[in-house]
Amino acid sequence: MSTAAELIARSNRLGSDPKVTNYAGGNTSAKGTDVDPVTGEPVELMWVKGSGGDLGTLTEKGLAVLRLDRLRALVNVYPGVDREDEMVAAFDYTLHGKGGAAPSIDTAMHGLVEAAHVDHLHPDAGIAFATAADGERLTAEAFGGRVAWVPWRRPGFQLGLDIAEIKRANPDAIGCILGGHGITAWGDTSDEAERNSLWIIDTAAAYLEQHGKPEPFGAVLQGYEALPEVERRAKAAALAPTLRGLASHDRPQVGHFTDAEVVLEFLSRAEHPRLAALGTSCPDHFLRTKVKPLVLDLPADASIEDSIARLHELHEQYRADYAAYYEKHADADSPAMRGADPAIVLIPGVGMFSYGANKQTARVAGEFYINAINVMRGAEAISTYSPIDDAEKFRIEYWALEEAKLQRMPKPKPLQGRIALITGAASGIGKAIATRFAAEGACVVIADLDLEKAQAAAAELGNADVAVGVAANVADESAVKASIDAAVLAFGGLDIIVNNAGLSLSKSLLETTEADWDLQHNVMAKGSFLVSKNAAPVLIAQKLGGDIIYISSKNSVFAGPNNIAYSATKADQAHQVRLLAAELGEHGVKVNGINPDGVVRGSGIFASGWGANRAKTYGIPEEDLGAFYAQRTILKREVLPENVANAAFVLCTNDLSHTTGLHIPVDAGVAAAFLR
């Protein structure tokens, strides 16, 4: 196995174990030789995980490859700690070959240490020692001299020099604890480095288990215990829209909710306010979670109204405190403040909400705060939790190198940060809209009468960071409310509602029964009303505006034979658009409609008998129905689900930010259905 392949295999094993490191946390390296294609001679190289990668999913593209002689020669031109950031740009002059990832700030740690294989990781157990007030003493006691202590230093070239010197001074050491940060281990072989990393982590965990006090977070705080599951999730859904609005004061955010036991237990204990206020310590943690969370200081049984009122007060204070933190530590060269809203919100008895520019970022932020809780537990169990101070946190949060990394991130897609719920989206038009929205960056909730089909359609779009499927009988208000709650808990809120669920019965007036009429109207007229009614409070509470789109029909304005129940309910939907546009505009919510016609391909409605009935009405074979509809249009084009999805997308973009109450025909041109 090649050196790079061996490194990737080790990295994937380490990165896939949550006790070892967190998502995108840490880095690994291996030194070896290869043939220089220019000279044909062997050359010493180092393969190291590049900037921004994840160990668990690392591939060869995620490695930076550097010439070891040139990397180590940088020591001779190192200008000192005050200018160590310049060394990151210097790494580019040591690269070998084409492609590969950009070298990370930790490259010096790997290259300057005299070991063939190096692992730098962020295990909770290790960071517990790193953040303990007497971490140096505890390290000596727990590891018996096999692990050295490195006082806190910001990651960079100087830290690499420090670790290299400590290794030289401690020849029996297999690794070190980095104060406030994590661990580094090394070995002569890849297997040895991995064994040493795991030994440090397992030894740290065993020490915590054997020597830690039983209740490091203090006694149970009366009234702050976890609510029963149904009750806490209902409260979470009720609070989520307000919380998302607060977290999106500076820019729209997607949310993630967890009521994991580790979070609920932390919030139920007396020490949680003190510890939360101290903030996180490991740079990977606070870069994701901000320096500290917003914590609701009310008991679990506080009312929704009281909780919301208090959250607004706490949010104002949080923003003021964050601005003060920025002003205290910023200098003339600091990047502009990136926003003062919390990334983590803790609700006693309920759980944790985390926020980010997209679902993955929000979810990972929550995972990092759980890591932070574990770190606090360990540090408090054997000592006192003592994270790095705010000045050091600021130096990293507003580091020029961190700012440069953020600037390299790809431009967001048009619907990034927006959350769409689409009814009847397991097939046809709804599925096409869901597909288009997901491709444009939205988080998508596929709501359908058939839960299995909804989940299958969601899985086609990606994992749960992209889309989820929920059951939704739109004719049943309790089911509608449950689907909206599920959407809110999945992504933090809602921005776009697409009323697409429908069915059709093709019958004449005399053949249409009362049951036919009621079924048609319950699903589409009443169903659209119920979805809009229950979604509107979410949109209003968020104060972020939003879009409600009705998939109506050409038949809402066109009178044709054998279509009384369907066309009447489509006319009902069309007027709901106008009524809701007038009512919800004051909240920034736009309401628009789309009038398709003849969408045969992929349509659940046409496949369930409507197509056969319409074909019979027109006296043509069913398989020719799409072509028949196309020939009766002005443009002579068949209308596909994707054409409707295009219109839905445009309605949600800034290009139509001033448009509400509109119906867009997507019918290839039917003169009798022109809007007047």
Side-chain angles (χ1 to χ4, degrees), residues 1-32 34 44-68 71-72 87-92 94-113 115-123 126 155-157 159-160 163-164 175-176 178 181-187 189-194 196-198 200-201 282-285 287-288 364 368 371 396 401-402 404-405 408-409:
M1 186 182 293
S2 70
T3 303
E6 192 175 43
L7 172 61
I8 290 168
R10 176 173 105 236
S11 302
N12 293 164
R13 287 191 298 271
L14 292 171
S16 299
D17 188 344
K19 81 173 184 182
V20 171
T21 200
N22 34 44
Y23 176 81
N27 29 71
T28 52
S29 67
K31 302 178 182 76
D34 203 353
E44 284 191 282
L45 301 175
M46 181 178 75
W47 292 261
V48 60
K49 193 203 85 169
S51 178
D54 171 52
L55 287 176
T57 56
L58 184 67
T59 65
E60 193 161 0
K61 291 181 179 179
L63 295 175
V65 187
L66 303 93
R67 284 188 53 141
L68 202 54
L71 175 63
R72 288 178 170 169
M87 303 307 288
V88 175
F91 291 151
D92 290 344
T94 73
L95 292 172
H96 175 78
K98 297 193 304 180
S104 78
I105 188 65
D106 287 320
T107 299
M109 179 193 305
H110 294 269
L112 302 182
V113 169
H117 300 266
V118 179
D119 296 331
H120 168 57
L121 305 166
H122 299 147
F157 202 85
L159 180 59
I163 297 174
C176 54
L178 309 182
H181 186 167
I183 75 166
T184 296
W186 46 76
T189 67
S190 184
D191 287 345
E192 184 181 27
E194 184 173 356
N196 289 343
S197 292
L198 296 176
I200 294 172
I201 296 166
C282 175
D284 266 28
H285 292 185
L287 285 173
R288 304 273 189 163
V364 170
F368 271 78
N371 291 129
I396 290 177
L401 298 178
E402 182 64 24
K405 183 190 294 186
R408 290 196 301 267
M409 293 181 68

Checklist entry - Would a distance-only check, ignoring hydrogens and angles, find a side-chain to backbone donor-acceptor pair under 3.5 Å from D54 to Y23? => result no
Checklist entry - Backbone N or O of H110 within a donor-acceptor pair of the K31 side chain at under 3.5 Å? => result yes
Atom pair [atom1] ([X]) and [atom2] ([Y]), whose distance is rounded to the nearest 0.5 Å:
{"X": "I8", "Y": "K49", "atom1": "CD1", "atom2": "NZ", "result": "13.0 Å"}
{"X": "T28", "Y": "H120", "atom1": "OG1", "atom2": "NE2", "result": "11.0 Å"}
{"X": "H181", "Y": "D284", "atom1": "NE2", "atom2": "CG", "result": "6.5 Å"}
{"X": "F91", "Y": "S51", "atom1": "CZ", "atom2": "OG", "result": "11.5 Å"}
{"X": "N22", "Y": "N371", "atom1": "CG", "atom2": "CG", "result": "5.0 Å"}
{"X": "I163", "Y": "L112", "atom1": "CD1", "atom2": "CG", "result": "9.5 Å"}

Item to check | For S197, all residues meeting side chain to side chain donor-acceptor pair (under 3.5 Å), sequence neighbours excluded | outcome: D119
Item to check | Heavy atoms from other residues, nucleotides or ligands near CD of E44 exceed 12 (cutoff 6.0 Å) | outcome: no
Next on the checklist: Are there over 12 heavy-atom neighbours, none belonging to E6, within less than 6.0 Å of that residue's CD?
Outcome noted: yes
Item to check | Listed partners of F157 passing ring pair (Phe, Tyr, Trp, His ring centres under 6.0 Å), at least two apart | outcome: Y78
Checklist outcome for this item: Hits for ring pair (Phe, Tyr, Trp, His ring centres under 6.0 Å) against H117, two or more places apart or cross-chain, chain-then-number order -> none
Next on the checklist: Let's go through T107 and N27 carefully: what are the C-alpha distance in whole Å and the side-chain angles of both, what is the deciding distance for side chain to side chain contact (heavy atoms under 4.5 Å, CB included) to 0.1 Å, and is it a yes or a no?
Outcome noted: CA-CA 9 Å; T107 299; N27 29 71; over 6 Å; no
Quick one, [X] and [Y] - any side-chain contact, counting heavy atoms below 4.5 Å?
{"X": "P155", "Y": "I396", "result": "yes"}
{"X": "L45", "Y": "R67", "result": "yes"}
{"X": "I183", "Y": "P123", "result": "yes"}
{"X": "V48", "Y": "S104", "result": "no"}

Heavy-atom pair with the smallest gap, counting every atom of [X] and [Y]:
{"X": "A101", "Y": "G50", "answer": "CB-CA, 3.8 Å"}
{"X": "A30", "Y": "L7", "answer": "N-CD2, 3.9 Å"}
{"X": "R72", "Y": "G111", "answer": "NE-O, 2.8 Å"}
{"X": "W186", "Y": "V113", "answer": "CE3-CG1, 4.2 Å"}
{"X": "T21", "Y": "H122", "answer": "OG1-N, 3.2 Å"}
{"X": "M46", "Y": "L68", "answer": "CB-CD1, 4.1 Å"}

Checklist outcome for this item: Partner of P103 under side chain to side chain contact (heavy atoms under 4.5 Å, CB included), picked from L95, V65, T94, is L95
